[in-house]
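To keep things clear, I will list the structure first and then write my remarks on it.
Start at 1 and go down the list; that is how both ligands and their atoms are numbered. Note that the numbering runs from 1 along the sequence shown for the chain.
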Amino acid sequence: MAQISTGNGGLVVVNLRSPGGFTAQVYTHGAHLTSWKTPSGEEQLFLSSQAVFSPPTAIRGGVPLCWPQFSDMGPCSAQHGFARNSEFRVVDAAAPDAVTMELAGTGTAPDFPHPFILRCRVTVGDGWLDQELTAINPEGASAPLRFTAALHTYFRLTHGVAGAAVRGLAGCAYLDNLQARRECTEGNEDVGFEVGEVDRIYCGAPDELAVVDGPRLLRISKSEFPDAVVWNPYIEKAAKMKDFGDDEWRDMVCVEVAAAGSGAVEVAPGAHWAGRQRLTLE
Ligand code: BG6
């Protein structure tokens with residue numbers, strides 16, 4: 001059984017442990033994964049020192065769930081949708097290494113009038129972490145469930161941003177958020193972050209990507225998420241974000257497996273969609 005305890009801000013957090021001693025923490029607020037550590041205690045995810053643990057504010061760092069909308073790509077008024085601001089219910093914590101949380105909608109939200117069930121399962125293994133996001137359109141619903149989504153993962157850089165890169169995107173088309181989503185093509189095998197903000201939606205991105213952190217390599221394997229978003233706020237944007245330290249852009253990079261630039265996912269009544277990522281430490 002996973003251990004449930006009181007976390008930051010008095011919020012409910014589920015503590016996971018793999019057979020070999022890797023750990024993870026998932027808050028019921030947003031079904032938000034905030035920590036993933038090796039048995040020796042080395043944190044793999046970035047969590048801002050300024051993060052606010054006070055619902056409905058989303059937690060800055062870890063893995064916010066962007067659903068039913070990535071960015072402004074959908075009908076919701078809130079950037080990245082409402083899942084990251086919502087309280088989830090623990091539906092399965094029977095094993096020590098996994099938890100499933102669920103959010104159900106009745107179709108009464110003014111800017112998202114569709115019934116749905118959103119499920120997130122996190123499993124921690126020896127050297128890997130799995131996250132699965134499932135969206136269900138209930139039987140009897142009157143319309144398809146349409147959404148965009150992302151697992152907005154903040155990776156912690158232990159060797160600083162100068163030695164960091166995202167690998168595996170060469171040749172991939174991307175929408176540059178800093179140029180009104182102009183379509184560009186990635187020319188580099190390693191996308192780096194030293195010279196300015198990077199904010200790109202890679203469309204039809206390869207399923208195998210990696211974060212280079214100095215001599216360390218962290219692999220990302222995705223399925224059913226067609227896209228990948230790469231973001232680092234750099235100096236000016238970091239200074240504008242209230243829940244993010246001015247210098248913390250040096251310690252993180254976001255690589256977000258997403259269904260965004262390639263168009264919305266559509267799920268028929270009675271059907272479901274599931275997207276996954278596996279993070280593996282080399
Ligand atoms: C990224 C977007 O996914 O999230 C960026 O591409 C955005 O444009 C970033 O700045 C953080 O968003 P938020 O809403 O958590 O501040």
Side-chain angles (χ1 to χ4, degrees), residues 27 29-34 45-86 111-112 131 133 147-157 161 164 166 169 172-184 186 191 193 196-203 205 209 211 220 222 225-265 275 277:
Y27 278 75
H29 171 43
H32 200 127
L33 172 65
T34 56
L45 299 178
F46 167 84
L47 181 66
S48 174
S49 62
Q50 307 300 308
V52 175
F53 288 81
S54 178
T57 303
I59 300 165
R60 177 69 65 193
V63 187
L65 303 181
C66 302
W67 196 91
Q69 176 173 304
F70 173 77
S71 182
D72 60 355
M73 295 175 154
C76 299
S77 51
Q79 146 119 331
H80 290 329
F82 51 76
R84 65 178 181 164
N85 313 106
S86 303
D111 58 0
F112 197 73
Q131 215 172 355
L133 189 69
F147 59 87
T148 55
L151 300 177
H152 193 311
T153 308
Y154 286 74
F155 292 95
R156 175 170 175 258
L157 299 174
V161 78
V166 178
L169 291 163
C172 191
Y174 68 87
L175 305 175
D176 191 343
N177 276 326
L178 306 178
Q179 298 184 68
R181 298 206 172 128
R182 187 165 78 85
E183 192 171 328
C184 307
E186 184 55 65
V191 178
F193 305 97
E197 184 179 0
V198 174
D199 191 353
R200 300 174 182 173
I201 306 168
Y202 289 87
C203 302
L209 299 169
V211 176
I220 305 166
K222 64 177 177 66
F225 283 106
D227 309 324
V229 179
V230 175
W231 178 60
N232 178 286
Y234 201 60
I235 300 167
E236 291 83 9
K237 194 158 188 181
K240 284 187 197 141
M241 288 159 59
K242 286 199 196 89
D243 58 350
F244 190 87
D246 287 357
D247 289 328
E248 286 184 330
W249 63 275
R250 297 177 191 279
D251 306 327
M252 53 70 70
V253 57
C254 285
V255 184
E256 312 160 34
V257 302
S262 296
V265 177
Q277 73 171 354

Is there a donor-acceptor pair under 3.5 Å between the side chain of E248 and the backbone N or O of S49?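 Yes, because the side chain of E248 sits within donor-acceptor range (under 3.5 Å) of the backbone of S49.
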H152 side chain vs L65 backbone, donor-acceptor pair below 3.5 Å: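 No, the answer is negative, given that no donor and acceptor are paired below the 3.5 Å cut-off.
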Nearest protein heavy atom to [atom], by residue and atom, and its distance?
atom: atom 3 (O) of ligand 1; value: E256 OE1, 2.8 Å
atom: atom 11 (C) of ligand 1; value: W231 CH2, 3.6 Å
atom: atom 2 (C) of ligand 1; value: D199 OD1, 3.7 Å

Mark up the atoms of ligand 1 that fall under 4.0 Å of a heavy atom belonging to [X], in ascending order.
X: Q79; result: 7 (C), 12 (O), 13 (P), 14 (O)
X: F70; result: 3 (O), 6 (O)
X: N177; result: 6 (O)
X: R84; result: 13 (P), 14 (O), 15 (O)

Check: F244 ring centre within less than 6.0 Å of Y154 ring centre: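 For F244 and Y154, the ring centres are not under 6.0 Å apart.
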Taking the six-membered ring for Trp, are F82 and F112 closer than 6.0 Å centroid to centroid?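 Between F112 and F82, which both carry aromatic rings, the centre distance is below 6.0 Å.
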Hey, is ligand 1 close enough to H152 that some N/O pair sits below 3.5 Å?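 Yes, there is a polar N/O contact under 3.5 Å.
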Please name all residues satisfying salt bridge (charged side-chain N to carboxylate O under 4.0 Å, His left out) with E197, sequence neighbours left out, ordered by chain then number.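 Scan of E197 (salt bridge (charged side-chain N to carboxylate O under 4.0 Å, His left out), adjacent residues dropped) gives K237.
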Could you walk me through whether F70 and F225 pass ring-ring contact (aromatic ring centres under 6.0 Å, His included), step by step? CA-CA 12 Å; F70 173 77; F225 283 106; over 10 Å; no
What do you reckon, does R60 put a non-hydrogen atom under 4.0 Å from ligand 1?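 In this structure, R60 qualifies as a contact of ligand 1 - some heavy atom is under 4.0 Å.
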Proximity flag K237 to ligand 1, non-hydrogen atoms under 4.0 Å: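 The answer is yes: ligand 1 sits under 4.0 Å from a heavy atom of K237.
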One thing to verify: whether D246 and K240 come together as a salt bridge, which I'm taking to mean a side-chain N less than 4.0 angstrom from a carboxylate O.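 No, no charged N to carboxylate O under 4.0 Å.
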